Amino acid sequence: QVQLMESGGGLVQPGGSLTLSCAASGSIFSINRMGWYRQAPGKERELVAVVTSGGGTNYADSVKGRFTISRDNAKNTVYLHVNSLKPEDTAVYYCNAHIVVDTTTLRSYNYWGQGTQVTVSS
């Protein structure tokens with residue numbers, strides 16, 4: 001059983017900052033790609049940022065220069081440092097990870113966290 005536990009969301013004023021964390025736990029052999037997605041009310045879930053096991057990163061154009069994704073492989077944890085927040089960043093942020101649990105096939109499975117709310121408002 002694998003779980004992703006997110007933390008760090010909250011209410012912040014425009015221009016403010018937050019750090020979101022997501023820790024994976026359970027029967028984990030290895031973790032490939034980890035990332036963050038978000039879903040605003042009435043909109044589809046969208047990619048925010050991803051980081052590979054080797055540290056390569058990719059960001060949505062809307063967050064480039066403001067958000068930074070990082071991971072601590074020893075702790076099976078991924079972080080999203082969000083700066084210069086805008087009202088349009090308001091959404092539920094979901095952690096995602098591609099995790100290998102089967103040491104025989106080494107196939108990775110897609111896991112999601114429960115989501116953490118980020119609200120940007122004055």
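The shown structure was predicted, so the numbers you read here are calculated from the model rather than taken from an experiment.
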[atom1] of [X] to [atom2] of [Y]: how many Å apart, nearest 0.5 Å?
{"X": "Ser30", "Y": "Asn76", "atom1": "OG", "atom2": "CG", "answer": "9.5 Å"}
{"X": "Arg33", "Y": "Asn58", "atom1": "CZ", "atom2": "CG", "answer": "8.5 Å"}
{"X": "Gln1", "Y": "Ser27", "atom1": "CD", "atom2": "OG", "answer": "8.5 Å"}

Is there side-chain contact between [X] and [Y], with heavy atoms separated by less than 4.5 Å?
{"X": "Ile99", "Y": "Tyr109", "result": "no"}
{"X": "Asp89", "Y": "Val82", "result": "no"}
{"X": "Tyr59", "Y": "Thr68", "result": "yes"}

Exam field: side chain [X] to backbone [Y], donor-acceptor pair closer than 3.5 Å:
{"X": "Asn96", "Y": "Tyr111", "result": "yes"}
{"X": "Thr90", "Y": "Val120", "result": "yes"}
{"X": "Arg66", "Y": "Ser62", "result": "yes"}
{"X": "Thr77", "Y": "Lys75", "result": "yes"}
{"X": "Tyr93", "Y": "Gln39", "result": "no"}
{"X": "Arg71", "Y": "Gly54", "result": "no"}
{"X": "Glu6", "Y": "Cys22", "result": "no"}
{"X": "Ser84", "Y": "Gly15", "result": "no"}

Considering all heavy atoms, the nearest [X]-[Y] contact:
{"X": "Leu106", "Y": "Thr103", "value": "CD2-O, 3.7 Å"}
{"X": "Ile31", "Y": "Ala97", "value": "CG2-CB, 4.2 Å"}
{"X": "His81", "Y": "Thr19", "value": "ND1-OG1, 3.2 Å"}
{"X": "Ala24", "Y": "Leu4", "value": "CB-CD2, 3.4 Å"}
{"X": "Ser121", "Y": "Pro14", "value": "C-CD, 3.6 Å"}

Verify the neighbour count for atom CD of Gln114: are there more than 12 heavy atoms of other residues, nucleotides or ligands below 6.0 Å?
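Yes, because the 6.0 Å sphere around CD of Gln114 holds more than 12 heavy atoms from other groups.
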Inspect the surroundings of CD in Glu88 and state if more than 12 heavy atoms from other residues, nucleotides or ligands are less than 6.0 Å away.
yes
Any link between Val63 and Val51 through a network of hydrophobic side chains (Ile, Leu, Val, Met, Phe, Trp, Tyr) touching at under 4.5 Å?
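Val63 clusters together with Val51.
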Kindly work out whether a path of hydrophobic side-chain contacts (I/L/V/M/F/W/Y, heavy atoms less than 4.5 Å apart) joins Val50 to Trp112.
yes
Six-ring centre of Tyr94, Arg38 cation under 6.0 angstrom, axis tolerance 45°
no
Salt bridge Asp61-Lys64, side-chain N to carboxylate O under 4.0 Å
yes
Run the side-chain hydrogen bond (donor to acceptor under 3.5 Å, both in side chains) check on Ser17 and Asn83 step by step: do they pass?
CA-CA 4 Å; Ser17 300; Asn83 299 305; 2.9 Å; yes
Pick from Val48, Leu80, Val78: which one makes a side-chain contact (heavy atoms from CB on, under 4.5 Å) with Leu20?
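Among the candidates, only Leu80 passes.
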Pair Phe67 and Trp36, ring centroids less than 6.0 Å apart
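Ring centres of Trp36 and Phe67 not closer than 6.0 Å.
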Assess the residue pair Asn32 and Val100 against the criterion (side chain to side chain contact (heavy atoms under 4.5 Å, CB included)); give the C-alpha distance rounded to whole Å, side-chain angles, the decisive distance to 0.1 Å, and a yes or no.
CA-CA 8 Å; Asn32 296 332; Val100 177; 3.9 Å; yes
Under the side chain to side chain contact (heavy atoms under 4.5 Å, CB included) rule, what do Val2 and Ile28 come out as? Steps first, then yes or no, please.
CA-CA 7 Å; Val2 172; Ile28 297 170; 4.2 Å; yes
